Amino acid sequence: MTKPKQIPPYYTSVIDVVKLIPPGRVTNYGAIADFLALGSARMVGWALHKSGLVDGDVPAHRVLNRKGELSGRLAFSDPNYMQAKLESEGIIIKDHRVVDFAKYHWHPEEILKT
DNA sequence: AATTTGACGCAGC
DNA sequence: AGCTGCGCCAAAT
């Protein structure tokens, strides 16, 4: 019979961290991977891709690659969703790239400081 | 079961 | 400063 697909634990961990990203801020896959000690930023990418199927309330549009590029925009239902959402949060995007990326860059470590 | 791909990152050139 | 190659680990074919 149909077997309910189990969600690997680290998927949930990644989703949890992504949900903690403050509006108007962005982060990169490597930062999350390092924070969760996944050992590979690719895992974060995979987890986020699946996140849409697991939880539709994940602000995955705030996760970019280390260059600040919207590398995952093509994976969304609408390629323009990611940019539109980020711009609506006050982030300027030029050629699928975040302007002043370092300025908006957020690190999971921030949640520990508070 | 083996090979390829992937929402990545970094060192080297 | 941009391109190439390699490493990372899991999922898909």
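Here the structure is a predicted model, which is why all the values come from computation and not from measurement. Residue numbering restarts at 1 for every chain, and letters A, B, ... go by the order of the sequence lines.
- Taking atom CG of A:Leu48 as the reference point, atom P of C:dC9 lies 18 Å away to the nearest angstrom.
- In this structure, A:Asp95 contributes its side chain and A:Arg97 its backbone to no donor-acceptor pair below 3.5 Å.
- Under a 4.0 Å N-O distance rule, the pair A:Glu89/A:Arg62 qualifies as a salt bridge.
- Proximity of A:Leu70 to A:Gln83: side-chain heavy atoms (C-beta onward) are separated by under 4.5 Å at one or more points.
- Candidate nucleotides C:dC9, C:dA11, B:dA7 were compared by shortest atom distance to the side chain of A:Ser40, and C:dC9 ranks first.
- A:Phe101 and A:Ile32 are members of different hydrophobic clusters when ILVMFWY side chains are connected at heavy-atom separations under 4.5 Å.
- Between A:Tyr10 and C:dC8 there is no side-chain polar atom (N or O) within less than 4.0 angstrom of OP1 or OP2.
- When the nucleotides B:dG9, C:dA11, C:dC9 are ranked by their closest atom to the side chain of A:Pro8, C:dA11 comes out on top.
- Closest to the A:Met43 side chain, of the nucleotides B:dA7, B:dG9, C:dA10, is C:dA10.
- Taking only side-chain nitrogens and oxygens, A:Arg73 never comes nearer than 4.0 Å to OP1 or OP2 of B:dA7.
- When rounded to the nearest whole Å, the span between OH of A:Tyr29 and P of C:dA10 equals 19 Å.
- For A:Gln83 and B:dA7, the CD to P distance is 19 Å, given to the nearest whole Å.
- The residue among A:Gly30 and A:Trp46 whose nearest nucleotide of DNA chain B is located toward the 5' end is A:Trp46.
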